[in-house]
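Letters A, B, ... mirror the listed sequences (proteins, then strands); counts begin at 1.
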Amino acid sequence: MTRVALSRLPGDRVLVVEDGAESVLAASELPSYVGVREPEAPRWVWDDTVRWYPSLLAAGVRVQRCHDLRLGHHLLRRAPAVDAQLLQGAESAYWDRLGPSTPSDPALFSVDETAEHLRADLEDSRQLAAVAASSEATRLGLLLAAESAGALVAVEMTYAGLPWRSDVHERLLADLLGPRPPRGARPEKLEATVAEVRAAFDAPGLNPDSRPEMLAALRRAGLDVTDLRASTLRAHAHPGVVALLRYKQLAHLFQTNGWAWSDQWVSGGRFRPSYQPAGSTTGRWSSNGGGALSFPAQVRPAAMADDGWRLVVADVAQLEPRVLAGMSGDQALAKSARGADLYQGMVDDGAVASRNDAKLGLLGAMYGATSGESGRMVAGLTRRYPDAFGLVEEAARAGERGQVVRTLLGRGSPALGEAWERDPDDPPPDADSQARYRRAYGRFTRNFIVQGTGAEWALCWIADLRNRLWRLGGAGSLVDRPHLVFFLHDEVVIHTPADLADEVAAEATAAATTAAGLLFRDLAIDFPLTISTVRSYAEAGKPGAAVDS
DNA sequence: CACACATGCGCC
DNA sequence: AGGGCGCATGTGTG
């Protein structure tokens, strides 16, 4: 496949390198240049998708495939199967240091003038050579392609935005909090809750946001608490606790997803958060603006499709347990995974008494629970599913020995010590705390292989789905046809003309099959989706939510 | 004054 | 003595 490397040059020019041939364009010519090449679908190679793609999209150019060198560099540098020496060369130290940029500030990442003008073609050659020389070239190649496709999706989703009805959002806020207050003031209903809390604890002037003040007030009232978590407070029957819990809930809504949040992240009828692919060490995405990945259920009613359009919401049932079954090749767990509910499958298989036990046991195994109900379930299930439980157990032991682990497609975990930086001023840790530290790292590596491989499955899923949605056709640009508008680890939302919703749902299912095949080949693991076609995101997943049309 | 950290909550 | 994140506030530090 043709690769075309794009690098920025001083003076708003772009260096284009294809098969060793160099040419120079003015930056303003780039959209038409890319647009005209795009039907042939070369792979565009660039430093960071966020630095190139938004302006192309704004000019109406949709890119089919790319290679994101920043993501690739960080991934390959830590991949156990890659000889990191092969990534060394001209400017490689800059690539090592490149941090993420954001759509609102794409230049933020540049460390100095040189980093602004890195040669994409040189780094691309090194990455290609490093992959080719690796013992896991095929898997790493797939991972790089999926990661880069994810970077395209991330920029496209910020560009398109999640359809947002500010009137619905404001009505919701007004109902719960009262009218929008002046800057710096609490809304009426929140202030009223503060008054209730003060009265209940006989503490005029109490600031419920102050931890020391609040703890003192609770103790004076005879409540023996050392923290203010909702779960702790709920255990105490005191009239003030009810008011305090309501205050905490409303205050969180006001502060996190209230008017100020809307001012900053909603524009033109769209919620446009910023996504950061591979923002977490496991390869999961994170979000560095707008809080996309902690988008609370409370405000989802405001996410509404345009008139004549629908939201197709698809999520994978028990993604990580299924991934564990696939990567461990555990036949018994794969059998329980055959169906819509893996946990129920374990019950039907006679492995556990209840669905809840199954869930506790599996989550416990993946997170490294050692005690409580969850820890107790793990022991019994280990005998039933030795390959699956053995795999995470071995990952934990490797971590405790100080070894790095890798995902199915070859992403490496950060090393012990790299995972959590130590303060050099701290006294050297004693044997006890060293052992604790190693066990904590073991829990991390245990979870890393499953969470990381789950992220890889999801990347393959959205990458294939993105292409399928484009092929579904329709005329016009990205936002005139079915397109992804939200992604949350194991769930996607597609905004689509209503008459295409059924086809979109079918493509989401087909893409899940593709992803399963890419990762697990012949080991047919089912990844059933829960799909809803709705007007409002809040209706998704509920029985009877389907829109008749 | 800016900054880092702790706490608590949201999501998976 | 269960993994990964982001965000807001208050508090303590330089």
Engineer: How is A:Leu319 classified with respect to the nucleic acid when contacts are heavy atoms under 4.0 Å: base, sugar-phosphate, or nothing?
Structural biologist: nothing

Engineer: Does A:Arg284 make a side-chain donor-acceptor contact with the base of B:dC12, cut-off 3.5 Å?
Structural biologist: yes

Engineer: A:Arg229 has a side chain; which of B:dC12, B:dC9, C:dG4 sits nearest to it?
Structural biologist: B:dC9

Engineer: Using only side-chain N and O atoms of A:Arg211, determine if any of them is under 4.0 Å from OP1 or OP2 of B:dA6.
Structural biologist: no

Engineer: Output yes when A:Asp341 and A:Lys359 qualify as a salt bridge under the 4.0 Å nitrogen-oxygen rule, no when they do not.
Structural biologist: no

Engineer: When you measure from the side chain of A:Thr256, which nucleotide among C:dG4, C:dA8, B:dC9 comes out closest?
Structural biologist: C:dA8

Engineer: Could you walk me through whether A:Trp261 and A:Phe271 pass the side-chain contact (heavy atoms from CB on, under 4.5 Å) check?
Structural biologist: CA-CA 10 Å; A:Trp261 169 85; A:Phe271 167 42; 3.4 Å; yes

Engineer: Quickly work out the A:Asn447 CG to B:dC12 P distance and round it to whole Å.
Structural biologist: 16 Å

Engineer: Where the side chain of A:Lys248 is concerned, which of B:dG8, C:dT11, B:dC11 is the nearest nucleotide?
Structural biologist: B:dG8

Engineer: Rounded to the nearest Å, what distance is computed from the CG atom of residue A:Asp209 to the C1' atom of nucleotide C:dA8?
Structural biologist: 9 Å

Engineer: If the threshold is 4.0 Å, N to carboxylate O, is there a salt bridge linking A:Arg284 and A:Glu320?
Structural biologist: yes

Engineer: When all nucleic acid strands are considered with a 4.0 Å heavy-atom cut-off, which category describes A:Gly289: base, sugar-phosphate, or nothing?
Structural biologist: sugar-phosphate

Engineer: Starting at atom OH of A:Tyr441, determine the distance to atom C1' of C:dA1, rounded to an integer number of angstrom.
Structural biologist: 19 Å

Engineer: Once you round it to whole Å, what is the distance between C1' of C:dC5 and CD of A:Glu491?
Structural biologist: 16 Å

Engineer: Any base atoms under 4.0 Å from A:Gly372, or only sugar-phosphate, or nothing? Heavy atoms, all strands.
Structural biologist: nothing

Engineer: So what does A:Gln255 hit on the nucleic acid, given a heavy-atom distance under 4.0 Å: a base, only sugar-phosphate, or nothing?
Structural biologist: sugar-phosphate

Engineer: Select base, sugar-phosphate, or nothing to describe what A:Ala230 touches, counting heavy atoms under 4.0 Å on all strands.
Structural biologist: sugar-phosphate

Engineer: State whether the aromatic ring of A:Tyr367 stacks on the base of C:dG2, taking stacking to mean ring centres under 5.5 Å apart and ring planes under 30° to each other.
Structural biologist: no

Engineer: Please state whether the phosphate of C:dA1, meaning OP1 or OP2, lies under 4.0 angstrom from any side-chain nitrogen or oxygen of A:Arg436.
Structural biologist: no

Engineer: Between A:Glu196 and A:Arg246, is there a side-chain N and carboxylate O pair less than 4.0 Å apart?
Structural biologist: yes

Engineer: Would you mind checking if A:Arg466 and A:Glu507 are paired as a salt bridge, meaning a charged N to carboxylate O distance below 4.0 Å?
Structural biologist: no

Engineer: For a quick check of understanding: with a heavy-atom distance under 4.0 Å over all strands, which category does A:Asp227 fall into, base, sugar-phosphate or nothing?
Structural biologist: sugar-phosphate

Engineer: Expressed in angstrom and rounded to an integer, what is the separation of A:Leu293 atom CG from B:dC9 atom C1'?
Structural biologist: 15 Å

Engineer: Starting from C1' on C:dG6, measure out to OH on A:Tyr275 and report it in whole angstrom.
Structural biologist: 13 Å

Engineer: Do A:Phe254 and A:Pro181 have side-chain heavy atoms sitting under 4.5 Å apart?
Structural biologist: yes

Engineer: With the side chain of A:His252 defined as its heavy atoms from C-beta on, choose the nearest nucleotide among C:dG3, C:dG10, B:dC9.
Structural biologist: B:dC9

Engineer: Contact class for A:Gly291 (heavy atom, under 4.0 Å): base, sugar-phosphate, or nothing?
Structural biologist: sugar-phosphate

Engineer: When we call it a touch if two heavy atoms are under 4.0 Å apart, what does A:Ala292 touch: a base, just sugar-phosphate, or nothing?
Structural biologist: nothing

Engineer: Between A:Phe295 (CZ) and C:dC7 (C1'), how many Å, whole number?
Structural biologist: 15 Å

Engineer: Name the nucleic acid region contacted by A:Thr281, choosing base, sugar-phosphate or nothing; use a 4.0 angstrom heavy-atom cut-off, strictly under.
Structural biologist: sugar-phosphate

Engineer: Could you tell me the separation between the OH atom of A:Tyr437 and the P atom of C:dA1, rounded to a whole number of Å?
Structural biologist: 20 Å

Engineer: OP1, OP2 of C:dA1 versus side-chain N and O of A:Ser371: anything below 4.0 Å?
Structural biologist: no

Engineer: May I ask you to decide if A:Asp175's main-chain N or O and A:Lys189's side chain share a donor-acceptor pair within less than 3.5 Å?
Structural biologist: yes

Engineer: Is there a side-chain contact between A:Ser210 and the phosphate of C:dT11, meaning an N or O under 4.0 Å from OP1 or OP2?
Structural biologist: yes

